[in-house]
> 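Okay, handing you the structure first.
Every chain is numbered from 1 and lettered A, B, ... according to where its sequence line falls, protein lines coming before strand lines.
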Amino acid sequence: MSKASQLNDKQLEAMKYTQGPLLVLAGAGSGKTSVITRKIAYLVQQCGIPAHRITAMTFTNKAAREMKERVGKLLGKEEGKGLSVSTFHTFGLNLLRIELKNTPLKNNFSILDADDCKRILMDLMHRDNLSGAESKELIAKAMKKISDWKNDLIVPEQAHTTCETPEDVQFAHLYQLYERNLRAYNAVDFDDLIVMPTRLLQDNAEVRDRWQNRVRYLLVDEYQDTNTAQYILVKLLVGVMGQFTAVGDDDQSIYAWRGAKPENMALLKEDFRNLKVIKLEQNYRSTSRILKAANHVIENNPHIFDKKLWSDKGHGEVIRIITCRNDDDESERVVKDLLTHKLMNGKNWKDYAVLYRGNFQARVLETQLRQMQIPYKLSGGQSFFGRAEIKDVMSYLRIIINPEDDSAFLRIINTPKRAIGPVTLEKLGLFAQENHLSLLAAASDQRLTMVMPKKATTQLAEFAGFINDFTRELLDDDEPVPKIRQMMNDAGYIDYLRETAATPAQEKTKIDNVEMLYTSIQSLINRAEDVDEKNIESVIRKMVLLDMLEQQQEDEDTDKVNLLTLHASKGLEFPFVYIMGLEEELLPHKNSIAAETIEEERRLMYVGITRAQQGLTLTLAEQRKNGGQMKQMTPSRFLDELPQDELDWLGRKKKLAENVDPKQQAQQYLQNLKALLKR
DNA sequence: CACGGGACTCTTTTT
DNA sequence: GAGTCCCGTG
């Protein structure tokens with residue numbers, strides 16, 4: 001990324017072009033974030049567009065955060081007031097809140113995450129007895145299908161017209177039930193945050209005018225990752241004026257499998273006849289050798305827009321390819337190579353990244369790194385909000401701001417254990433349905449004694465009472481966080497964490513996580529700009545979308561080797577990069593070979609290569625463990641697509657003595673190195 | 001309801 | 001081979 005405040009000619013052109021729709025084809029490392037942030041400043045300072053009339057959209061919170069920070073440095077506090085830089089989802093959420101009366105939603109609606117939605121679908125399938133509990137796979141399929149329908153803006157009533165298999169017909173039916181369910185809970189899923197605003201703008205001219213007027217200029221980052229609903233949302237927001245800049249790179253589209261439509265890039269050209277296209281091809285990140293490799297590989301893909309990266313950073317180091325005996329050997333080599341390189345060149349751990357196709361590949365690597373006592377940071381895995389304890393606490397909070405949130409109710413009713421089992425819940429659910437009550441309301445209903453044993457009703461009533469008491473106390477409390485802490489203690493939840501933890505270490509992490517959640521609720525309250533954002537309801541609703549804790553964690557001790565999937569590496573850069581597992585059926589992955597989506601795998605390879613600034617090392621194993629069995633592997637076709645004269649193939653060295661304790665071996669290796677360095 | 005054995009799978013993931 | 005999930009038994 002170009003840190004210098006000086007933009008090159010192309011970047012300047014992209015910044016200054018404001019006459020109409022603009023597509024910036026920004027190759028990897030071409031300084032696109034600089035262009036976007038500088039353009040925002042330009043629009044405000046040179047074009048006289050007030051900041052509150054400018055909206056910038058990104059895909060991740062992290063990207064939004066970074067952008068805000070960088071714009072903040074360019075604009076004065078007054079100048080930047082009201083600027084909207086957010087993810088698509090957060091933008092959608094705000095729009096829904098502002099336009100609440102024009103939506104089917106009531107105040108304080110809940111946002112359900114994938115897990116909640118899964119539960120609902122499972123429940124619906126059970127209740128409807130749709131070929132029952134072949135669950136897991138079927139549920140996942142149904143979720144995917146429903147999400148696809150939503151993102152293509154197909155309403156439940158239309159869904160059956162698109163069905164191709166009997167299974168689809170079932171899913172279409174399920175989709176209807178699911179939507180009805182969400183509305184009954186006064187809840188939305190993540191897709192709704194895009195789809196509902198889009199529909200609203202489509203159907204309601206008054207609302208559309210209001211928003212088109214508000215959004216005078218729109219900037220969209222990572223445009224190649226938009227899905228249909230997102231693109232239509234963009235079109236509706238910019239209207240016929242088409243005052244927008246979309247920044248993207250079709251070669252870095254690696255999310256088609258979750259609904260992204262890279263075709264949207266070509267579509268832009270059709271939908272806006274006067275679209276201006278500017279290419280950013282100068283790369284400020286990598287040596288020209290690395291870029292040559294990247295260009296070489298990606299040339300094998302068909303292209304809508306041609307683009308070739310170049311840089312003036314010199315040829316740089318040769319690209320190394322290491323063939324290893326098996327996966328264990330591969331990890332060992334990478335780790336030793338990295339360690340040697342680090343010590344010899346006086347680099348930091350954080351200067352290195354190891355990239356791989358699947359998370360499972362990190363496991364061997366981890367053991368290896370631990371033996372060598374190398375600090376590492378594993379990204380991916382489950383996110384903060386995916387952790388059970390966080391979801392539990394969030395569910396307590398959710399039911400407080402939205403008593404109709406049955407999904408939250410189900411999550412916490414028996415966490416910690418309150419002797420309320422599936423049978424009781426089944427009856428409660430039935431009763432609630434018949435009387436059109438939420439589960440929480442039903443739990444304290446007097447008439448329950450008629451349908452279930454007394455003992456169960458007392459338990460339910462007690463729980464409902466507990467929640468209701470805290471709801472009252474919390475909502476008119478100026479200092480909600482201590483109250484929340486008290487609630488979780490009184491609920492016995494903290495004790496429950498202590499009792500159920502497998503190890504003392506796990507207990508500590510879990511309790512720390514919960515404490516971090518409290519802290520971040522507090523900081524969200526402190527940071528809120530207006531009174532409206534300060535109230536606990538809005539804070540909690542926002543929490544579902546945020547990942548600020550992950551950021552806090554990252555900020556702490558950062559000198560660590562980075563371990564990440566190729567997907568997770570997009571947008572990042574490292575001086576020295578290793579890419580592991582360059583084998584057929586792994587990269588490209590076998591499912592992609594079967595589905596003939598090699599192009600996306602190739603882009604993945606391209607993304608990986610372009611992460612490297614100075615050094616790039618690719619590794620492959622001759623054999624790999626696969627389900628307990630050793631499997632013979634074939635070198636990846638992508639290796640053939642590299643410029644062969646820039647490569648240094650390293651065969652495998654003689655294996656160190658067999659049957660040596662790996663820990664001892666690691667120690668030995670370290671000592672040798674230290675001795676070497678002392679000289 | 002909790003525990004444990006057997007079956008099953010093993011690409012990528014944000015909001 | 002290991003981790004997870006489902007279901008049956010105590």
> What's the CG-P distance between A:L587 and B:dC10, to the nearest Å?
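So the two atoms are 19 Å apart, to the nearest Å.
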
> Using the closest heavy atom to pick a nucleotide of DNA chain B for each, name whichever of A:H89 or A:N591 lands nearer the 5' end.
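The residue closer to the strand's 5' end, by nearest nucleotide, is A:N591.
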
> Please determine, for the side chain of A:R258, which listed nucleotide (B:dT15, B:dC1, B:dT14) has the closest atom?
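Comparing B:dT15, B:dC1, B:dT14 against the side chain of A:R258, the answer is B:dT14.
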
> How close or far is atom C1' of B:dT12 from atom CE of A:M580, stated in whole angstroms?
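Rounded to the whole Å, the gap is 17 Å.
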
> How many Å lie between CG on A:L566 and P on B:dT14, as a whole number?
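To the nearest whole Å, that distance equals 14 Å.
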
> B:dT14, B:dA2, B:dT12: which one has an atom nearest the side-chain heavy atoms of A:T60?
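Nearest nucleotide to the side chain: B:dT14.
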
> So does A:K144 have more than 12 non-hydrogen atoms from other groups sitting under 6.0 Å from NZ?
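Atom NZ in A:K144 is crowded, with more than 12 foreign heavy atoms closer than 6.0 Å.
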
> Return the value, rounded to whole Å, for the distance between atom NZ of A:K150 and atom P of B:dT15.
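My rounded result for the distance is 18 Å.
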
> Where is the tightest heavy-atom contact between A:S253 and A:R603, given as atom of each residue plus distance?
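Heavy-atom minimum between the residues: O-NE, 2.6 Å.
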
> Please state how far atom CZ in A:F59 lies from atom P in B:dT15, giving the value in whole angstrom units.
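Roughly 11 Å, once rounded to whole Å.
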
> Do any N or O atoms from the side chain of A:R418 and from the backbone of A:I413 form a donor-acceptor pair under 3.5 angstrom?
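Yes, the answer is positive, given that a donor and an acceptor are paired below the 3.5 Å cut-off.
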
> Say whether, by atom type as modelled, one donor and one acceptor occur between the side chain of A:N94 and the main chain of A:F91 under 3.5 angstrom.
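Here the side-chain-to-backbone pair does not exist.
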
> Using atom C1' in both nucleotides, what's the gap between C:dG3 and B:dT14 to the nearest angstrom?
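Those two atoms are separated by 25 Å.
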
> Could you go through the side chain to side chain donor-acceptor pair (under 3.5 Å) check for A:D392 and A:Y496 one step at a time?
CA-CA 11 Å; A:D392 292 338; A:Y496 158 84; 5.1 Å; no

> Just checking A:N414: base, sugar-phosphate only, or nothing, at a heavy-atom cut-off of under 4.0 Å?
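Counting heavy atoms under 4.0 Å across all strands, the contact made by A:N414 is with sugar-phosphate only.
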
> Ring centres within less than 5.5 Å and planes less than 30° apart: is that true of A:W257 and B:dT12 in this structure?
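One would call A:W257 stacked on the B:dT12 base.
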
> Take atom CG of A:L572 and atom P of B:dT13, then tell me their distance rounded to the nearest Å.
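Those two atoms, CG and P, are 13 Å apart.
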
> Measure from the side chain of A:H567, starting at C-beta and using heavy atoms only, and say which of B:dA2, B:dT12, B:dT14 lies closest.
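Per side-chain heavy atoms of A:H567, the pick is B:dT12.
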
> With respect to the phosphate group of B:dC10, does any side-chain polar atom (N or O) of A:K625 fall under 4.0 Å of OP1 or OP2?
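So the side chain of A:K625 is outside the cut-off, no N or O lying under 4.0 Å from OP1 or OP2 of B:dC10.
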
> Taking the side chain of A:N359 as its heavy atoms from C-beta onward, which of B:dC1, B:dT14, B:dT13 lies nearest to it?
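Per side-chain heavy atoms of A:N359, the pick is B:dT13.
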
> Starting at atom CE of A:M143, determine the distance to atom P of B:dT15, rounded to an integer number of angstrom.
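Going from CE in A:M143 over to P in B:dT15 covers 16 Å.
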
> So which nucleotide from B:dT13, B:dC1, B:dT15 ends up closest to the side chain of A:N61?
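Nearest listed nucleotide: B:dT15.
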
> Identify, between A:R418 and A:S592, the residue whose nearest nucleotide on DNA chain B lies closer to the 5' end.
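First, find each residue's nearest nucleotide; the 5'-ward one identifies A:R418.
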
> Measure from CZ on A:F360 to P on B:dT9 and round the result to the nearest Å.
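Going from A:F360 (CZ) to B:dT9 (P), I get 17 Å.
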
> Measure from the side-chain heavy atoms of A:R363 and tell me the nearest of B:dT15, B:dT13, C:dG3.
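Among the listed nucleotides, the one closest to the side chain of A:R363 is C:dG3.
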
> Given 3.5 Å as the limit, does a donor-acceptor pair link the side chain of A:E330 with the main chain of A:G581, or not?
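Yes, the answer is positive, given that a donor and an acceptor are paired below the 3.5 Å cut-off.
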
> NA contact type, A:I420, heavy-atom cut-off 4.0 Å: base, sugar-phosphate, or nothing?
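Sugar-phosphate only.
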
